[in-house]
Number of protein chains: 2
Amino acid sequence: MRRQSKQLPDSDRLLAPSGAVENLLRDAGLRPTFQRVALGAILFANGDRHVTAEMLYHEAVQTKVPVSLATIYNTLHKFAEAGLLRQVMVAGSTAHFDTNTSNHSHFFVAKANLLLDIPGPEVVLDKMPRAPDGYEFVRADIVVRLKRKDG
Amino acid sequence: MRRQSKQLPDSDRLLAPSGAVENLLRDAGLRPTFQRVALGAILFANGDRHVTAEMLYHEAVQTKVPVSLATIYNTLHKFAEAGLLRQVMVAGSTAHFDTNTSNHSHFFVAKANLLLDIPGPEVVLDKMPRAPDGYEFVRADIVVRLKRKDG
DNA sequence: ATTTGTGCAAATCGTTTGCATCTGA
DNA sequence: TCAGATGCAAACGATTTGCACAAAT
């Protein structure tokens with residue numbers, strides 16, 4: 001069923017319906033501009049995904065969405081602020097964003113810059129440590145680093 | 001007992017004895033150059049510490065150790081390669097290095113760029129997830145993010 | 001009409017690299 | 001002697017910023 005894209009940005013591809021995305025954004029208190037709706041359609045179409053700014057930018061360009069890299073960064077941060085995305089700080093320079101905003105852990109393959117959700121509640125902390133005096137708990141991040149079996 | 005430093009880089013301050021550091025480096029297969037010994041003295045003097053390149057650089061400059069930032073980066077990576085340090089990828093742009101190379105978790109205060117060991121085996125994973133086919137486990141990193149109680 | 005978002009290019013930050021020069025074994 | 005280290009400055013990649021213009025309420 002998945003034919004090649006034929007310059008039809010809003011059809012012929014697995015994108016979320018623009019109307020739905022518009023509401024999503026409005027409900028999150030964000031102005032549904034053209035680029036935000038288009039990026040939202042890319043991001044929230046199918047199940048959960050992980051993107052970097054660069055990845056989303058390329059995807060947008062391929063989908064003929066007129067958008068600049070600066071706006072990609074802007075949008076990713078706004079979405080994250082609004083709770084539509086979760087920023088995953090896994091390592092190194094590049095920031096990853098996850099459309100799965102629930103509390104879960106990640107696999108990360110450094111060489112491939114590949115980020116994956118760990119399915120289910122398989123990884124859990126045994127005990128929560130108590131925060132030192134003067135500080136309060138924000139969140140526990142668990143990253144299980146992997147490498148290819150050969151490499 | 002701790003008087004002010006008086007331009008006496010190798011005394012009058014809690015530094016590891018150079019001889020000991022030299023042996024440490026030699027045993028790790030690293031040439032004990034002047035800067036490496038000096039940086040090693042700073043790093044391995046007292047208990048466990050965490051440094052960024054920038055932090056170590058400033059400390060070195062203050063201690064009148066002639067060293068360039070490039071060499072700091074170089075040295076930190078060589079030390080890490082040799083198992084004398086562990087690189088902690090906690091977030092964002094800056095790399096942290098930990099003189100505690102044992103398997104343990106961290107607290108991290110983003111605003112202050114402050115990294116702390118979580119004492120003892122307080123935080124442990126309940127279950128290890130099995131790696132997806134084709135991949136193998138490298139290591140699980142646990143970072144408990146904190147913020148100041150007021151801020 | 002006013003606020004908010006966008007695009008571009010320049011600026012920034014942490015880090016790496018190329019290369020000539022020094023240094024330790 | 002000579003591989004390996006150092007320092008400097010330039011190069012780098014990801015991200016951010018300043019500002020003029022455009023779009024949404």
Same apolar cluster (I L V M F W Y, side chains within < 4.5 Å links), A:L115/A:V51: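 Different clusters: A:L115 never reaches A:V51 through Ile, Leu, Val, Met, Phe, Trp or Tyr contacts under 4.5 Å.
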Pair A:N100-A:H50, side-chain donor/acceptor within less than 3.5 Å: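 No.
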Please determine, for the side chain of [X], which listed nucleotide ([options]) has the closest atom?
| X | options | value |
| --- | --- | --- |
| B:R31 | D:dA3, C:dG14, D:dT15 | D:dA3 |
| B:R36 | D:dT6, C:dA25, D:dT25 | D:dT6 |
| B:R26 | C:dA9, D:dT25, C:dA25 | C:dA25 |
| B:T33 | C:dT15, D:dA5, D:dT17 | D:dA5 |
| A:T71 | D:dG4, D:dC8, C:dG7 | C:dG7 |
| A:A95 | C:dT15, D:dT15, D:dC8 | D:dT15 |
| A:P32 | D:dT25, D:dT15, D:dT6 | D:dT25 |

Any [X] side-chain N or O less than 4.0 Å from OP1/OP2 of [N]:
| X | N | value |
| --- | --- | --- |
| A:Q35 | C:dG7 | yes |
| B:Y73 | C:dT15 | yes |
| A:T94 | D:dT15 | no |
| A:S68 | C:dG7 | yes |
| A:H77 | D:dT16 | yes |

Ring centroid separation B:H106 to B:H96 under 6.0 Å: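 No, they do not, as the ring centres are separated by 6.0 Å or more.
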Salt bridge flag under 4.0 Å for residues B:R145 and A:E136: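 Answer for the salt bridge query: no.
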